[in-house]
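Let me begin by presenting the structure, written as structure tokens, before commenting on it.
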Amino acid sequence: VRRVLVSVAAGAAVLAAAPAMAVVDGSARRPQKRTVEVADNFYSPKKLTVNLKSRITWKWTDESADVHDVKLVSAPKGFKKFQTEPGSAGFVYSKTLTKPGTYRFLCTFHEEDNMRMTIVVRH
Amino acid sequence: MSRIRIVAFAAVGALAVPSVAAAGTYPPPANPGTPQKPPKGPFRTLQVCKDDCPYKTIQAAVNKARPGDKVKVQAGVYREAVKISGASKRYLKLVGNPKDPSQVVIDGARGKGVPRQNTVWVNGADQVTVDGFTARHYNGNGFFVLNANGYKLRHLNATLGGVYGIYAFNSVGGEMSDSQASYNNDAGFYIGQTPPQTTPKRSLVTRVKSFGNVLGFSGTNMRYVTITRSQWFNNGTGIVPNALDSEKYAPPEYNVITNNDIFWNNFNYYAGAPFKLRTSGVGVPYPVGVGVLLFGGRHNEVTNNRVYGNYLAGVGALKQVLLKQADAADLVDNRVRDNQFGLGGADLNGRDLVYDGTGTGNCFGPNAGVALSVPADGSTFAPCPFTGANAFNAGAQAEAFGWAGDQTHEKFWIKHPHAPKKGYTPLEHYKK
């Protein structure tokens, strides 16, 4: 993770306004909301980089004719792994990623089809 | 899985090079793992009903059940999704009304919201019995067993579902019996991704009816399954053992399809259906109008069935030409024999047999009532028994794959009048 404090003065001003936020390239890294599409047989996007405590929502697309799940197979230390119920079109599942690091996911039904994705959570 | 991810059927001719199958190399038979030990009891019966029972919901009773217990569900409509998960629920018996499953309904509908995904989902619990229920309006699957050593799905009715009706995945040694699946957006019955086993535990599908589905039965990479004494009719395609890369353990093998009635599988769901048709955008469907299609596979037997009134073809066998796992793409040692086609001339198939001649050791016949086949000269149909390379026919293969590319889904049908069948009505176009 690369952090750039543009200037002591600017940094001090930002930190004073929002002491809980980190500063990157002069801007605060706020938690984000991101959506991942679950389809036949892929996640989109396949790679995602988000800020700490971002909330990820997996949405099974209307065209998702088959059954898929989302299984967290590796995660930063201290983050509890999970696996969604098998779902199809219209199913939705959300999770907040509370630890920095790399999260790797796969569909247990279509692992052979390389239905995988990665999310990197920045500090 | 009904949708085969083949985008360029036009390229099939160029890809169609017959080859001799190599020995398969499989992942170790480790999944779904070591069978769980039978519980010793004593066993209890947990009662579920809408009034005056210890449990008002099925899930509440399941949560309290110990291994081997029975959960008895009284008549009613239960609007919930039931999960039976883990070894702590092994040998559970979930019982509704086996004599009349219509009395005990699990309804997945949620008003205007997305319906519940799986009305009954068994995951990682061995030897669970589900007996005597109707599931309807589920977004995913009606009765679904995942990662189990042994299961019994009996006296069930799965209807109006988003994907599969009665479904087992990555499981071994199961039974689906005396049940019915209708109007599902994919297969009425589906057994997929059976792990290879050194001492196989066979699965049995018997005395079932499947109609009004996209597929009557799908078997992606399934093995050791016997399908018998059942009726497969009014589906888009009847029975489809198939090899796909998207799931583990291709191809399908050591399956037996015997003593079934496979008829009138001409349901053109594209023209209207009681379910919302989902299209993934990357897939091409199996052609409408086929009784049985072996799409890749080894050591499968199609014997002693009555196959009639399917407008495109009665029984087809094609190489899975775009399977990435090349050593699993060929048809090897499949036998199609002792079947009766065309109901003695009273209800003809459009074509009785279709085979592209790929692979080795595949044989056809004797079969009764074969009138028209592809190729028309019968050159690919080696009589049983047969060893050695089959006689590839590029024209037959191109013709058959061309059917799947037909946007009308009826262009290549050869229609004949159906013989009347008491209690049954042919379904080609759905009307509300």
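The sequence lines fix the lettering, A, B, ..., with proteins before strands; numbering per chain opens at 1.
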Region of B:Asn141 that comes under 4.5 Å of a non-hydrogen atom in chain A = side chain
What part of A:Ala89 gets closer than 4.5 Å to chain B, counting heavy atoms only: side chain, backbone, both or neither?
-> both
Return the option, out of A:Gly90, A:Gly87, A:Ala39, A:Pro86, with the maximum number of heavy-atom pairs under 4.5 Å with chain B.
-> A:Pro86
Under 3.5 Å, is there a donor-acceptor pair between the B:Thr237 and B:Asn265 side chains?
-> no
List the steps and the verdict of ring-ring contact (aromatic ring centres under 6.0 Å, His included) for B:Phe169 and A:Phe109.
-> CA-CA 9 Å; B:Phe169 187 82; A:Phe109 295 86; 4.8 Å; yes
If we ignore angles and hydrogens, is there a donor and acceptor under 3.5 Å between the side chains of B:Tyr164 and B:Asn118?
-> no
Shortest non-hydrogen separation from A:Asn114 to A:Lys46 and the atoms involved | O-NZ, 3.2 Å
